[in-house]
Amino acid sequence: MYKSIQAIAGVLLLFSFAVMGSETQLTLLEKEIDRIAGESIPVNGPGCSVGVIKNQQFLFKKSYGLANIEHQVPLSSISVFRMASVSKQFTGLAVLLLAEKGEINLDDDIRKYLTDLKDYGVKVTINSMLGHVSGMADYDTLQSLLPKPLLSTAGGPFRLGDEDYLTREEYYDVIKSLPLEHQPDTQQAYSNFAYFLLSELVAKVSGMSMREYTTKYIFEPLGMHDTFFADDMREIVPNRAEGYRTFKDIGLKRYETNIFVVGDGGLYTTLEDMLIWDNHFYTPKLGDAPNKLMAQFNTPNSQHSFENNGITFYANGQYIEPNYTLHNGGWMGISTSYIRRPKEQVAFVGMCNSSSLDANVFTYEIPKILTKLKIWDVTDPAIF
């Protein structure tokens, strides 16, 4: 009896040391992340929500700074952030769901469905649009490719973002008139316009808006109740993280887009809902054949790599690296980053409500911190 008690006591002692060691590591992790936050996030200013996910639960989550400066509302894990280009993977999955149901074929020409698009003179497949090999343009060459200049209502140069306004229909009229920048399926070249057109494809084929379709077939089935594609600039969004920017001469200002088109961006979500999304990669639930669908989702759309580096491929809204799957986002008033390390089932989420902050400061550094603190067994934590 005494030996049994001794053995139990020994086990409890070892367990307590293990717990203490784990707590010490997590305390050090928090201190390291607090240090990063302290170096970049201003006092009483906008900030970031940060999460580290391991084995389908939060290893760490914390918010720094304010969601709304006027009302001094702090950020939290339920603050709703606009996700910019991190949105693209949700668009990609929506398109794959349509394909799984046989409503589209990924090898079809996009003009089979969006018949009023400019005749490109060559076939541009849905798959090539998903993989950024469509030859379609992006914002930096918009004006040069337009058949006639896009003007503001006052007749001056159009200011895209938070000054001049276009409805979704007006925006589509602009994008559908653009020629290709280069031949399809010859190189990987990022195109926000392609992903916007993919949202138009989803709406046209399903008879629902992109917001309605993704809510019905992705977000509600997964329980992501605070996630949606924002398609109304006047909408009241509870717990919204307002967007800000620090301007050189005039200081901190509200800074939010009035272009409310979706597909290339436009997703609103929370840190808590991103945990649900991350878990779905390991326990798929969506579609008729969930595991097959997610395997396709994580497969690059082409053999063309980013800048021909032979390492970074694109798969349905995600960059695929040897060790990581990732996407960053930056748009007016926000900076976001979502990075997964699939083999270890670890992920890093950064969501900042100022375009003067950089979410990558957190998500690129935390893997190195985990290695230093021996919280995971990884010898090369570098993202790139």
Side-chain angles (χ1 to χ4, degrees), residues 48-49 51 67 75 77-98 130 161 168 171 190-203 206 208-233 235-243 256-281 286 297 315-319 325-340 347-353 355 359 363:
C48 304
S49 288
L75 286 168
S77 64
I78 61 168
S79 294
V80 180
F81 286 81
R82 191 179 183 94
M83 295 300 288
S85 287
V86 175
S87 309
K88 287 184 173 68
Q89 57 200 273
F90 299 92
T91 302
L93 185 60
V95 172
L96 293 190
L97 283 168
L98 283 179
L130 286 166
R168 183 192 63 79
Y171 187 84
Y190 199 81
S191 175
N192 281 292
F193 299 155
Y195 265 77
F196 162 67
L197 290 176
L198 288 172
S199 75
E200 293 293 301
L201 169 71
V202 171
S206 70
M208 308 167 71
S209 70
M210 180 68 169
R211 176 173 182 161
E212 291 168 338
Y213 185 84
T214 51
T215 296
K216 181 175 181 178
Y217 292 107
I218 299 177
F219 305 135
E220 287 302 323
L222 290 181
M224 297 174 67
H225 301 305
D226 292 315
T227 302
F228 60 96
F229 274 102
D231 52 8
D232 181 357
M233 67 176 294
E235 181 176 5
I236 295 171
V237 179
N239 300 316
R240 184 205 297 260
E242 298 284 351
E256 293 192 342
T257 184
N258 61 17
I259 301 295
F260 270 67
V261 298
V262 300
D264 59 326
L267 185 87
Y268 275 43
T269 193
T270 67
L271 195 60
E272 297 291 345
D273 273 8
M274 286 301 292
L275 171 64
I276 297 172
W277 175 244
D278 191 74
N279 287 348
H280 182 254
F281 284 92
L286 301 178
F297 183 62
N316 306 295
Q318 316 164 93
Y319 284 104
T325 299
L326 68 155
H327 216 297
N328 304 324
W331 189 229
M332 296 187 146
I334 57 93
S335 172
T336 58
S337 180
Y338 171 49
I339 302 176
R340 295 189 299 113
F348 313 96
V349 186
M351 307 154 79
C352 304
N353 65 326
S355 52
T363 57

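In this text, all values refer to a predicted model and were calculated from it rather than measured experimentally.
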Problem set entry | Spacing of CZ belonging to Phe81 relative to OG1 belonging to Thr336, to within rounding of 0.5 Å | 10.0 Å

Problem set entry | For Ala67 against Ser79, the heavy-atom pair lying closest together | CB-OG, 4.2 Å

Problem set entry | Derivation of the side chain to side chain donor-acceptor pair (under 3.5 Å) call for Asp226 and Thr270 | CA-CA 7 Å; Asp226 292 315; Thr270 67; 4.8 Å; no

Seminar exercise, completed: In terms of heavy-atom contacts, Ala241 and Asn353 come closest through CB-CB, 4.0 Å

Exercise. For Tyr319 and Asn328, what are the C-alpha separation, side-chain angles and deciding distance, and is it a side chain to side chain donor-acceptor pair (under 3.5 Å)?
Worked result: CA-CA 9 Å; Tyr319 284 104; Asn328 304 324; over 6 Å; no

For this session: Measure the shortest side-chain to side-chain distance between Glu200 and Arg168 over non-hydrogen atoms and say whether it is less than 4.5 angstrom.
Result: yes

Exercise. Can you tell me if Glu272 uses its side chain to pair, donor with acceptor, with the backbone of Ser77 under 3.5 Å?
Worked result: no

For this session: Say whether, by atom type as modelled, one donor and one acceptor occur between the side chain of Ser335 and the main chain of Ala359 under 3.5 angstrom.
Result: yes

Problem set entry | Cation over ring face, Arg211 and Tyr268, 6.0 Å, 45° | no

Exercise. Less than 4.5 Å apart, any side-chain heavy atom of Val202 and any of Leu98?
Worked result: yes

Exercise. What is the minimum heavy-atom distance between Ala84 and Ile334, and which atoms define it?
Worked result: CB-CD1, 3.4 Å

Exercise. Can you tell if the side chain of Asp231 reaches within under 4.5 Å of the side chain of Phe260, non-hydrogen atoms only?
Worked result: no

Problem set entry | side-chain contact (heavy atoms from CB on, under 4.5 Å) between Ile218 and Trp277, intermediate numbers included | CA-CA 10 Å; Ile218 299 177; Trp277 175 244; 4.3 Å; yes

Exercise. Within a reach of under 6.0 Å around CD1 of Ile78, are more than 12 heavy atoms found that belong to other residues, nucleotides or ligands?
Worked result: no

Exercise. Where is the tightest heavy-atom contact between Gly317 and His327, given as atom of each residue plus distance?
Worked result: O-CD2, 3.1 Å

Exercise. Is there a donor-acceptor pair closer than 3.5 Å between any side-chain N or O of Ser199 and the backbone N or O of Phe196?
Worked result: yes

Exercise. Should Leu286 and His280 count as side-chain neighbours, where that means a heavy-atom distance under 4.5 Å?
Worked result: yes

Seminar exercise, completed: Closest heavy-atom pair, Ala347 versus Asp278, reported as atoms and distance to 0.1 Å, is CB-OD1, 3.2 Å

Exercise. Is the closest side-chain heavy-atom distance between Met210 and Thr91 below 4.5 Å?
Worked result: yes

Problem set entry | Derivation of the side-chain contact (heavy atoms from CB on, under 4.5 Å) call for Met332 and Ile259 | CA-CA 10 Å; Met332 296 187 146; Ile259 301 295; over 6 Å; no

Problem set entry | Straight-line distance of Leu271 CG to Ile276 CD1, nearest 0.5 Å | 11.0 Å

Problem set entry | Passing candidate, side chain to side chain contact (heavy atoms under 4.5 Å, CB included) with Leu222, options Glu220, His225, Met224 | Met224

Exercise. Would a 4.5 Å heavy-atom cut-off, applied to side chains only, mark Phe219 and Thr214 as touching?
Worked result: yes

Exercise. Is Tyr213 close to Leu97 at the side-chain level, that is, under 4.5 Å between some pair of heavy atoms?
Worked result: yes

Exercise. Do you know which two heavy atoms are closest between Gly329 and Val86, and how far apart they sit?
Worked result: N-CG2, 4.0 Å

Problem set entry | Minimum side-chain heavy-atom gap Gln89-Phe297 below 4.5 Å | yes

Seminar exercise, completed: Checking Tyr195, Tyr190, Trp331 against Ser85 for side-chain hydrogen bond (donor to acceptor under 3.5 Å, both in side chains), the one that qualifies is Tyr190

Seminar exercise, completed: Taken to the nearest 0.5 Å, the spacing of Thr215 OG1 from Tyr217 OH works out to 12.0 Å

Problem set entry | NZ on Lys88 to CG on Leu93, rounded to 0.5 Å | 16.0 Å

Problem set entry | Evaluation steps, side-chain contact (heavy atoms from CB on, under 4.5 Å), between Gln318 and Arg340 | CA-CA 10 Å; Gln318 316 164 93; Arg340 295 189 299 113; 3.4 Å; yes

For this session: Evaluate the side-chain contact (heavy atoms from CB on, under 4.5 Å) criterion for residues Arg82 and Thr257: first the C-alpha distance (whole Å), next the side-chain angles of each, then the deciding distance (0.1 Å), finally the verdict.
Result: CA-CA 10 Å; Arg82 191 179 183 94; Thr257 184; 3.7 Å; yes

